[in-house]
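Protein chains get the first letters and strands the later ones, always in sequence-line order, with residue 1 at the start of each. These figures come from a predicted structure and were not determined experimentally.
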Amino acid sequence: MLRDLYRDAEHLFRVVLLCVVGVLVFLVARAVAVPKGFGEYGHYRAPAIRDAAAKTPVFAGQAACAECHDDVLATKAAGAHRGVHCEACHGPLSAHAADPSAVEVALPDGRALCVTCHEQNASRPASFPQVVPSEHAGDDVCTECHVPHAPSVQ
Amino acid sequence: MDPSAILHGVQGFMYPNEIELQWSLLIVLYPYITGLVAGAFILASLERVIGVEALKPTYRLALLSALAFLLVAPLPLQLHLGRPERSFEMYFTPHTASAMAMFGFVYLWYLLGVLLFEIWLDYRPEIVHFAKTKPGIMGTVYKILALGSYNVSERALWIDDKVGRFVTILGIPSAFLLHGYVGFIFGSVKANPWWSSPMMPIVFLFSAMVSGVALVLLLYMVVSWAKGRVIDMRCVDTMGVILLVAFIIDFALEGLDLIHRVYEADESFKTLDFLVHTKLYFSHIIVQIVLGTLLPLGLLALVRLVRITEAGRKGIYLLSSVLTLVGIFAMRWNVVIGGQLFSKSFLGYTTYKLDFANREGLLPSIILMVLPFFILWGLFRLLPPFERPSRTEG
Amino acid sequence: MDETRRDLLATGGKLLILTGAAGIGLDFVLAGEPEKAPNYDVMKHWWGMAIDIEKCIGCGNCVRACKAENDVPKEPFYFRTWVERYYVPDVDPREPHAEMQPKVDSPNGGYDGFDDVYRHEKSGKTFFVPKMCNQCAHSPCVQVCPVGATFESPDGVVLVDKSYCLGCRYCVQACPYGCRFIDPRTHTVDKCTLCYHRITKGLTTACCEACPTGARMLVDLKNPDDPIHEFLRSNKVQILKPQMATGAKVYYNGLDGSVR
């Protein structure tokens with residue numbers, strides 16, 4: 001009786017077998033394809049944290065500047081720019097910090113640089129020092145009167 | 001693309017990263033195609049499970065259409081991925097918190113567990129018959145399809161019928177799952193007020209049924225004409241009624257969603273309202289609502305209200321199914337593209353620029369929409385949907 | 001001698017096991033220059049950012065620094081951080097019921113600074129708002145990633161595994177703040193990493209390094225001595241879109257109600 005039933009449903013068991021084979025293939029493929037460290041901390045590839053941290057910085061950071069240029073920092077400490085980090089004006093310089101002789105640091109263009117922050121703009125906080133450059137200085141260069149590292153009027 | 005051309009399409013303020021649209025026409029096709037699949041399958045199930053006898057001539061046609069479109073459904077997704085070669089990750093490390101991660105499994109279940117299995121069970125007598133009689137390559141194909149088992153005794157077929165009925169019953173919630181799930185992918189994005197709605201899955205589901213029924217209705221009439229077969233009027237009339245009912249429910253649900261949005265008028269309302277009256281006016285108001293919903297609804301209702309000749313009814317069914325298919329496509333477009341035209345700051349709008357021949361352009365989309373019909377043609381040759389051999393041989 | 005060594009080894013082994021049991025990443029040593037990278041412990045930090053709108057002058061230094069530091073594509077619709085300018089008109093006493101819409105712009109994300117377009121405006125108020133990834137603790141982008149290519153690191157930074165991202169862009173849709181974009185070179189998603197390669201080496205972020213007014217402040221909420229605690233205590237602080245319940249960790253001082 002049961003034997004007869006099996007004979008007439010045998011084709012269905014072939015389908016089941018096919019499914020089982022499919023699932024096995026999937027499990028094997030998954031074991032091979034899931035990358036190392038996946039799920040170690042959460043649902044992601046744990047080494048991805050290291051990848052994100054691995055890049056070399058482009059900005060060296062204030063501490064690196066201070067290693068050699070403590071004289072400039074001393075000048076700055078007294079002035080209104082004491083909170084401004086070196087690379088805010090001089091640009092990213094990690095290459096210079098790594099090998100000072102290899103990268104010559106160009107002096108920023110005084111006029112273009114200063115107005116980036118100090119040109120009059122209605123959206124700027126009113127307490128921030130701002131000027132209309134043409135009215136304030138005509139065509140003169142800012143550094144004729146101001147010392148950028150300690151920018152009170154000379 | 002030229003950056004200034006992209007910036008030119010911005011009106012008001014967009015967050016800078018929002019200016020480029022992320023989900024293109026391909027992602028419009030995805031819910032459209034899965035909707036056709038789910039709808040066609042549910043129609044087939046009506047015959048099998050509920051026993052709507054009049055639909056018998058379309059049973060196999062509906063199943064094969066569902067299969068043809070289901071085979072194409074993942075292609076637009078695959079094509080739009082930035083890194084298509086990594087799509088296997090969805091299967092191997094699915095993130096259970098992600099509404100999108102289960103798509104692969106839902107898809108595979110539906111394809112293999114439901115649709116292919118049901119078609120196989122239904123066609124087994126033919127497959128075995130052809131495996132025994134056809135020579136050459138086709139014979140081999142049928143032999144493989146038969147899985148080496150030629151038992152089509154009465155009891156084997158009786159078992160197949162019972163199992164098939166069970167699979168169909170299982171298939172209905174599966175079809176609901178397949179498409180309701182697609183709706184959830186959009187409906188669960190809380191950052192996007194145009195999408196974020198618990199109505200989304202159910203609206204998707206009923207619009208899927210509407211589009212699937214329209215597709216089978218259209219295919220049935222076209223294929224019958226092409227093959228010189230007589231159109232069974234009882235069958236198309238029944239499909240017309242089902243289409244009408246599904247459409248009324250769909251329209252009511254979408255109307256409810258709309259009324260709710262208008263009445264609540266939350267922070268996003270002004271922005272979305274502006275969008276519907278400007279950039280989406282044509283595709284939403286004209287194509288989706290007037291041409292794609294109200295007109296076919298009116299036509300289908302007319303058939304029920306007034307006595308119309310056979311030829312007139314055929315014309316009406318043909319016209320309303322085409323309009324419906326266009327209207328539901330517009331609905332998918334309005335959801336997917338519309339949801340990306342406004343800024344999440346609610347302060348501006350961007351423009352979708354459809355390219356032609358690149359990866360996410362119009363051309364691949366046209367190919368993807370034509371492809372299912374070629375597959376269907378192939379399936380017709382492999383598994384003839386209309387002639388049933390006598391079930392006693394073997 | 002041998003005995004002692006063996007004992008030491010055994011103790012070390014036990015310690016290792018203990019460390020392993022105690023939690024994740026306790027021995028997390030960074031790749032890169034070993035002498036410059038102190039042993040960084042992911043479990044001992046919880047990063048965020050404080051932004052003081054009252055100090056922002058819209059110079060664009062942060063935007064330029066970010067693009068330089070992180071090799072962000074130069075096109076005007078790819079930004080890990082950007083600056084918006086708001087203009088909020090006054091309520092008109094003759095028509096106080098009229099809808100007040102702020103005017104917002106961010107030309108090239110503020111990369112080139114801002115022209116003084118509101119200089120003749122006699123009424124209303126205008127200010128700058130720096131924007132960036134909010135490093136959400138309950139991030140919608142992490143939630144929706146189908147494969148685990150974006151995740152929150154144990155120290156509270158939302159990162160992208162670019163070698164695993166398949167470019168489906170669901171996360172871009174899910175971010176309420178518009179902080180993500182598709183890198184046209186890799187076709188994978190990209191976003192602010194809070195300069196993870198810097199903060200794990202004891203440096204501050206590039207945007208903070210370049211900000212001349214101290215409007216931005218990298219903060220470590222796990223450090224009891226971090227100024228953030230005083231910042232949160234002494235200011236009226238707000239996060240962006242709190243109704244989204246994302247657990248945003250970028251805290252704004254002086255955020256106007258019109259900012260979205």
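Residue C/K236 places its NZ atom among 12 or fewer non-hydrogen atoms of other residues, nucleotides or ligands, all under 6.0 Å distant.
Distance check: B/M14 CE to C/S106 OG gives 12.5 Å after rounding to the nearest 0.5 Å. Within the model, atoms OG1 of C/T188 and CZ of B/R86 stand 6.5 Å from one another, a figure rounded to the nearest 0.5 Å. Separation of atoms SG (C/C168) and CZ (B/R83) is listed at 14.0 Å; rounding is to 0.5 Å. Taken to the nearest 0.5 Å, the CZ atom of C/R180 stands 14.0 Å off from the CD atom of B/E18. The distance from atom CG of B/N17 to atom CZ of C/R80, rounded to the nearest 0.5 Å, is 11.0 Å.
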Would you sort out whether B/K270 and C/E99 count as a side chain to side chain contact (heavy atoms under 4.5 Å, CB included), showing the intermediate values? CA-CA 11 Å; B/K270 283 213 157 59; C/E99 190 74 22; 3.8 Å; yes
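The candidate with the highest count of non-hydrogen atom pairs below 4.5 Å against chain B, out of C/V147, C/V259, C/D105, C/T186, is C/V147. Note: C/Y164 leads C/W82, C/Y78, C/F79, C/Y164 in heavy-atom pairs under 4.5 Å with chain B. Highest contact tally toward chain B, considering only C/E84, C/K103, C/Q101, C/Q243, is held by C/E84 [criterion: heavy-atom pairs under 4.5 Å]. When the candidates B/A191, B/P16, B/A101 are compared by the number of heavy-atom contacts under 4.5 Å with chain C, B/P16 comes out ahead.
Contact annotation for B/T96: neither backbone nor side-chain heavy atoms come within less than 4.5 Å of a heavy atom of chain C. Contact of B/L347 with chain C is made through the side chain alone, with heavy-atom distances under 4.5 Å. Contacts between C/P102 and chain B at a heavy-atom distance below 4.5 Å involve backbone atoms as well as side-chain atoms. Residue B/Q340 touches chain C through its side chain alone, counting heavy-atom pairs closer than 4.5 Å. Looking at C/E75, the atoms closer than 4.5 Å to chain B (heavy atoms on both sides) all sit in the side chain, from C-beta outward. For B/W23, the parts sitting under 4.5 Å from any heavy atom of chain C are the backbone and the side chain alike.
A side-chain contact (heavy atoms from CB on, under 4.5 Å) with B/S98 is found for one member of C/C145, C/P146, C/C171 and no other, namely C/P146.
With contacts defined as side-chain heavy-atom distances shorter than 4.5 Å, the pair C/V104/B/S345 does not qualify. Using a 4.5 Å heavy-atom cutoff, the side chains of B/I27 and C/R169 are not in contact.
At distances below 3.5 Å, at least one donor-acceptor pair connects side-chain atoms of C/Y170 with backbone N or O atoms of B/I185. Between the side chain of B/K190 and the backbone N or O of C/P176 there is no donor-acceptor pair closer than 3.5 Å.
Scanning residues 125-142 of chain C against chain B with a 4.5 Å non-hydrogen threshold yields C/K131, C/P140, C/V142, sorted by number.
Using a 4.0 Å cut-off between charged side-chain N and carboxylate O, B/E267 and C/R260 make no salt bridge.
Of all heavy-atom pairs between B/L7 and C/P76, the closest is CD1-CG, 3.6 Å.
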